[in-house]
Number of protein chains: 2
Amino acid sequence: MDNSIQNKKPSESDKDKASYDLLMLDNQLCFSLYVCSKEIIKKYKNLLDPYSLTYTGYIIMMALWEKDDVTVKDLGKRLYLDSGTLTPMLKKLEALEYIKRIRSSSDERNVYIQLAPKGIDLKQKALCIPESLICNLDLDPKYAGGLLEALHKMMHRLEETTDSSID
Amino acid sequence: MDNSIQNKKPSESDKDKASYDLLMLDNQLCFSLYVCSKEIIKKYKNLLDPYSLTYTGYIIMMALWEKDDVTVKDLGKRLYLDSGTLTPMLKKLEALEYIKRIRSSSDERNVYIQLAPKGIDLKQKALCIPESLICNLDLDPKYAGGLLEALHKMMHRLEETTDSSID
DNA sequence: TTAAATTAAATTGCAAACAATTTAGTGAGT
DNA sequence: ACTCACTAAATTGTTTGCAATTTAATTTAA
């Protein structure tokens, strides 16, 4: 329970014990991240269904509400998604008339994503979503802030690391 | 950047502004969890490939190294996975000779999962995996402990919540 | 003892995500 | 002008994961 990841006291117990502790499920940071993200996304489902949005569709819309008229590549960079995921997703959002996909005439390789009227309207309706969810999570606000900060730091570090220490 | 989730100062700015902030991508706890977990799992890939394990296979093995001879249902509860995911996964691990799947004779609905010799051996080889990864993440140990604690709390809260506030 | 309800695992179908490749458009060097 | 390298998006194929259903075994109730 309380054998968190840093409790590697090499003082008295043997080194092997410490290694084994790292293997313990409870110590696995990634596992917690993985479970939490999956479980929260499941909770989003009920809130997003009325708008025919999946979680991925929702974060795409969020990204656009923040900054409109961006390329697929831009969007992918911000959302950590590649074109293989985005292209079919964006086509679906276009079919729902939330966005428009416009291929640039100056450089036809680029496709710009713009909010359509329905997509702009959706922002108002979507306001209640994070509220419901945070209410549902019932997080201590002070706690949430620290958690978020830690995650952001990790996120950016993960981006930097080009697994040099592996190969 | 620093407009973390609790900065809802209702003192001077209007309430709408606070609602909009909740929609901001950077404020989205779930989004950070989602990205971090995906990115770390990607990093696992290189480390796990030599053993023909995916991340999901790895956490199944970890669960078994902690507690062997458990039912599929037990495993699912601990790993937050259902039989739809586990059954094919366990068949793959069986094909790799890491585990055995044994249907109980006393209650033939239950299938018990046991480590096979190769699966037991694997534990030793797997010791270096969390070490490489934590090294790769380069986390402040004090930081990691707090983060883990916060995630565990959230995990368990998510488990409790049977979305009563939604329907 | 038979019928109904419950349970565990397996199955089916579908959505999401990545890796790897392909297609097409652009820019640079000769 | 023409090749070569590069880039963006789209496509293809595979894996993961969930929801919903099915199958089979067990338990409960009548």
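So you know, we letter chains A, B, ... as the sequences are listed, proteins then strands, and number each from 1. Computed from a predicted structure; not experimentally measured.
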Without decimals, in angstroms, what is the distance between A:Lys42 NZ and D:dG17 C1'?
9 Å
Of the nucleotides C:dA17, C:dG25, C:dA10, which one has an atom closest to the side chain of A:Thr56?
C:dA17
Interatomic distance where CD belongs to B:Glu39 and C1' belongs to C:dA17 [whole Å]
12 Å
Per-pair distances, 0.1 Å, donor-acceptor, side chain in residues 113-121 of chain A, under 3.5 Å, sequence neighbours excluded:
from, atom 1, to, atom 2, distance (Å)
A:Gln114, NE2, A:Asp69, OD1, 3.0

May I ask you to decide if the ring planes of A:Tyr34 and B:Tyr55 are parallel, tilted or perpendicular, using 30° and 60° as cut-offs?
perpendicular
Is B:Phe31 close to A:Tyr58 at the side-chain level, that is, under 4.5 Å between some pair of heavy atoms?
no
Is there a side-chain polar atom (N or O) of B:Thr54 under 4.0 Å from OP1 or OP2 of D:dT16?
yes
Could you tell me whether B:Leu86 contacts a base, only the sugar-phosphate backbone, or nothing, with contacts defined as non-hydrogen atoms closer than 4.0 Å?
nothing
Return the residues of residues 91-103 of chain B meeting this criterion: a heavy atom under 4.0 Å from some atom of DNA chain C. Order them by number, or give none.
B:Lys91, B:Arg101, B:Arg103
D:dG17 phosphate, OP1 or OP2, under 4.0 Å from A:Lys38 side-chain N/O
no
Are any of the side-chain nitrogens in B:Glu94 or B:Lys91 under 4.0 Å away from the carboxylate oxygens of its partner?
no
Atom pair distance, as rounded to whole Å: CD1 in A:Ile40 and C1' in D:dC18:
17 Å
Answer with base, sugar-phosphate or nothing: what part of the nucleic acid does B:Tyr34 contact at a heavy-atom distance below 4.0 Å?
sugar-phosphate
Can we say A:Lys45 and A:Asp49 salt-bridge, meaning some charged N sits less than 4.0 Å from an Asp/Glu carboxylate O?
yes
Rounded to whole angstroms, how far apart are NZ on A:Lys45 and P on C:dA15?
10 Å
Please state whether the base of C:dA10 and the side chain of B:Ser83 form at least one donor-acceptor pair under 3.5 Å?
yes
Does A:Thr85 or A:Ser104 map to a spot on DNA chain C nearer the 5' end, using the closest nucleotide for each?
A:Thr85
How many Å lie between CG on B:Leu79 and C1' on D:dG17, as a whole number?
13 Å
Would you say the side-chain atoms of A:Ser83 pair up with the backbone N or O of A:Leu86, donor to acceptor, closer than 3.5 Å?
no
Given ring pair (Phe, Tyr, Trp, His ring centres under 6.0 Å), test B:Tyr51 with B:Tyr98 step by step and report yes or no.
CA-CA 10 Å; B:Tyr51 311 109; B:Tyr98 287 147; 8.0 Å; no
Looking only at side-chain N and O atoms, does A:Lys73 come under 4.0 Å of OP1 or OP2 in D:dT7?
no
Side chain to side chain contact (heavy atoms under 4.5 Å, CB included) with B:Val35: which of A:Met154, A:His152, A:Met155?
A:Met155
What contact category does A:Asp82 fall into here, base, sugar-phosphate, or nothing, at under 4.0 angstrom with non-hydrogen atoms?
base
Which comes earlier along DNA chain C counting from the 5' end, the contact point of A:Arg109 or that of A:Gly57, where each point is its nearest nucleotide?
A:Gly57
Assign A:Ser106 to base, sugar-phosphate, or nothing according to its heavy-atom contacts below 4.0 angstrom with the strands shown.
sugar-phosphate
Counting Watson-Crick and G-U wobble pairs only, both distances under 3.5 Å, name the nucleotide matched with D:dA30, or none.
C:dT1
Just the rounded figure in Å: distance from P of D:dA10 to CE of A:Met89.
15 Å
In whole angstroms, how far is the C1' atom of C:dA16 from the CD1 atom of B:Ile41?
13 Å
Are A:Thr71 and D:dA8 close enough that a side-chain N or O sits under 4.0 Å from OP1 or OP2?
no
Whole Å only: how far is the CG atom of A:Asp49 from the P atom of D:dC18?
16 Å
